[in-house]
Structures are given as structure tokens and as C-alpha cells.
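For reference, the structure discussed in these notes is given below.
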Amino acid sequence: MSRPRIAVLNAAHDDANTPRNFRRELDADLAEFDANAPELPESVEGFDGVVVTGSRSSVYWDEQWIEPTAAWVREAVDAGLPCLGVCWGHQLLAHALGGEVAAMGEYEIGYREIEHGGDSRLFEGVDERFTAFTTHSDEVAAVPPGADVLAENDYSIHAFRKDRVFGVQFHPEYDTETARDVTLGKDLPDERIQRVLDGITEENYANACEAKTVFENWLAFVEDVRESADASGVAEDDAELDADSADAAGAD
């Protein structure tokens, strides 16, 4: 079977780190679209899944590209495509499905501990308490109706699932170069910036690499959905063939 084809909606405002990171971490055929442009796929057809990246924007800002992106995501969800949102993408998916996104009133940034419930497919093989790089001042304050919270820490909800839709607030795709670039770009006190930079070490990065497993787990889920759809299609074709054969026999 060919590799899954994934639509990557890049909302990162021309950040060179974002495409590099997702190309490295997603073992799939990626079709990348600049959501800020806005450049969105003409149709959800032809894709096996959707990834929505982080962004410097807030989901609730009045920027012309945000609601079209949310509308396209809703169409993909309605079509049954597995979706994964990271940071801003996590928030956009929650917003698109009826959840609430709000400002936190503070900033979470740096390598942090997060805890998941232990029974989610997305976190299979990940310790219940794990390390990941975080950078956000907005949060999913309420998950969409019918969604389950999968992970959180003292700052916010860090993962949710609704049917075939998953969101993670943390950044499993970050390398140390990205973590430094993002930290230096924040409008935060110099002392706090330095504390975060001091924490971007090879040891912390190595610990955070465990969180990358969520990409493997999500792509395995995409494959399962694709195989199930293929099996259903074969069954439908067989049923149609049987019906045609019966009609032909009846005509004889």
C-alpha cells in the first residue's frame, strides 16, 4: 500500500522551521498549503488525513484566513478524514468543532511535564508523565461537545480527541533550533527568556523526543482508517457484482 497522503495546513506565517520539522516527523506524502495566504486544498478528496500546524495568530482574531481554514477543516471532519492539530492547530480544531479557545492570562513556554490518562491510542508508548516543549498564551478552555481530554498539566488542556480528530497543545515536532528561535522571538522579560534558553539542552530535547511518538501513533490510526475504507469499498464492489450477476441470471 502506498504511503498516506496528508494535507498539511501551514499556519505559521512563513516560518522556515515549521515545514522542515513536519517533513522530518511525518512519514507520509505531504501536500503543504499556506493557510495564511490563504491557500487551501480545492477539495478534501484525495487525502487520507489532515495536519494543522502552529501559528503566531490567535484563533479568535479577526484575520480573513482563519474562518476559511476552520470551514475547510469542518468539511474534512465531515468527510471522515483523521485530523491532527498542533498548538494553534489544536486550538483551531477545538474551535471548529464547537469548543472554546481563550487567552490564558499568562505564558507557558519551555520544556514542561505533561500527563496523559494512559488509555489513549495517541499516547501509546508514551510515559503517562512526559516532557515536551510548549509555547502558548491561548488555551482550549473547553473541548468540543463529545470530546475527551487526553492530556493536561497545571497550565492547560494539552490534548483532546473527538472521533477521528486529535489535538495536542505541545510541540512534539520541535528541535532545539526551533525552540531557541521561537523563544528569542517572544515579547517576555529578558530574565525569563534566558531561563527558557538555559533549559534548551540536549538532555531535555532527548527526553522530549518521546513525545514524537504521537506522530507515529496518529499515522498508524490514519492507516487503519484507510484500510477500513478500502475493505468497505471492496465489500460494496462485491455486493454490486453479486447483484449484477443475479440480474443477469434472472434475465436469462
Side-chain angles (χ1 to χ4, degrees), residues 1 3-9 11 22 25-28 30-31 33 35 40-41 43-54 59 66-102 114-126 128 138-152 156-170 172-173 211 213-233 235-236:
M1 180 180 289
R3 297 200 306 170
R5 186 166 186 256
I6 306 299
V8 179
L9 307 188
F22 281 98
E25 301 301 338
L26 291 172
D27 184 15
L30 307 184
F33 300 89
L40 298 169
S43 170
V44 301
E45 294 182 6
F47 297 108
D48 299 303
V50 178
V51 170
V52 187
T53 76
V59 164
I66 294 177
E67 279 308 315
T69 303
W72 193 93
V73 163
R74 290 187 196 100
E75 185 179 349
V77 172
D78 289 344
L81 291 183
C83 297
L84 175 66
V86 177
C87 196
W88 184 87
H90 155 84
Q91 297 166 14
L92 181 79
L93 288 171
H95 163 75
L97 298 180
E100 179 185 350
V101 177
I114 301 165
E115 187 169 357
H116 70 86
D119 57 356
S120 167
R121 178 165 185 179
L122 190 67
F123 289 99
E124 286 181 0
V126 179
E128 290 189 20
D138 291 337
E139 65 174 333
V140 173
V143 296
D148 295 319
V149 174
L150 304 182
E152 55 192 328
S156 66
I157 293 168
H158 266 276
F160 77 90
R161 176 183 183 176
K162 182 176 181 181
D163 302 324
R164 295 178 176 178
V165 176
F166 299 84
V168 295
Q169 179 62 67
F170 56 94
E173 82 281 12
T213 305
V214 301
F215 289 125
E216 298 174 17
N217 291 341
W218 181 75
L219 284 172
F221 177 77
V222 171
E223 290 282 15
D224 285 352
V225 170
R226 184 163 65 148
E227 289 176 8
S228 178
D230 289 344
S232 296
E236 290 176 3

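Note that the coordinates shown come from a computational prediction; the quantities given were computed from them, not determined experimentally. Excluded from the calculations below are hydrogen atoms, water molecules and symmetry mates; all remaining heavy atoms, backbone and side chain alike, are included.
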note = Between Ala70 and Ala96, the two heavy atoms sitting closest are O-CB, 4.0 Å
request  = Write down the atom of Glu128, the atom of Gly118, and the distance for their closest heavy-atom approach.
outcome  = OE2-CA, 3.9 Å
message = Evaluate Thr53 against Val86 for side-chain contact (heavy atoms from CB on, under 4.5 Å), listing each step before the verdict.
response = CA-CA 5 Å; Thr53 76; Val86 177; 5.9 Å; no
Pairs involving residues 88-98, ordered by first then second residue, that meet side-chain hydrogen bond (donor to acceptor under 3.5 Å, both in side chains) (sequence neighbours left out) = Glu67-His95, Gln91-Gln169
inquiry  = Checking Ala151 now: which residues fulfil side-chain contact (heavy atoms from CB on, under 4.5 Å) with it, not counting sequence neighbours?
reply    = Ile114, His116, Phe123, His158, Ala159
query = Taking only residues two or more places apart in sequence or in another chain, which ones pass salt bridge (Lys or Arg N to Asp or Glu O under 4.0 Å) with Asp48?
reply = Arg226
ask   = Distance from Phe160 atom CZ to Ser120 atom OG, nearest 0.5 Å?
value = 12.0 Å
task = Run the numbers on Trp72 and Val50 for side-chain contact (heavy atoms from CB on, under 4.5 Å), then give the verdict.
result = CA-CA 10 Å; Trp72 193 93; Val50 178; 3.7 Å; yes
ask   = Mind checking what makes side-chain contact (heavy atoms from CB on, under 4.5 Å) contact with Ala31, not counting sequence neighbours?
value = Arg5, Phe33, Phe47
request  = Return the set of residues passing side-chain contact (heavy atoms from CB on, under 4.5 Å) with Glu124 (not counting sequence neighbours), or none when no residue passes.
outcome  = Arg121, Asn217
remark   = Taking every heavy atom of Ala94 against every heavy atom of Pro144, the minimum-distance pair comes out as O-CG, 3.6 Å
message = My understanding is that only residues two or more places apart in sequence, or in another chain, count here; which of them pass side-chain contact (heavy atoms from CB on, under 4.5 Å) with Val77?
response = Val73, Cys83, Leu97, Val165
inquiry  = Using the rule given for side-chain contact (heavy atoms from CB on, under 4.5 Å), can you reason through Asp138 versus Val59, listing the C-alpha separation, both sets of side-chain angles and the distance that settles it, and then say yes or no?
reply    = CA-CA 9 Å; Asp138 291 337; Val59 164; over 6 Å; no
task = For Ile6 and Val222, work out which heavy atoms get closest and say how close.
result = CD1-CG1, 4.3 Å
note = Minimal heavy-atom distance between Lys162 and Ala147, with the atoms involved, is CB-CB, 3.8 Å
ask   = So, the side chain of Arg3 versus the backbone of Ala28: is there a donor-acceptor pair under 3.5 Å, distance only?
value = yes
key: Distance, nearest 0.5 Å, that separates CZ of Phe215 from CG of Leu84   = 6.5 Å
query = Is the closest side-chain heavy-atom distance between Pro172 and Thr213 below 4.5 Å?
reply = no
Considering all heavy atoms, the nearest Pro68-Leu40 contact = O-CD1, 3.6 Å
message = Pair Leu122, Phe221 - check side-chain contact (heavy atoms from CB on, under 4.5 Å), show working.
response = CA-CA 8 Å; Leu122 190 67; Phe221 177 77; over 6 Å; no
query = Are the side chain of Arg161 and the backbone of Asp148 linked by a donor-acceptor contact shorter than 3.5 Å?
reply = no
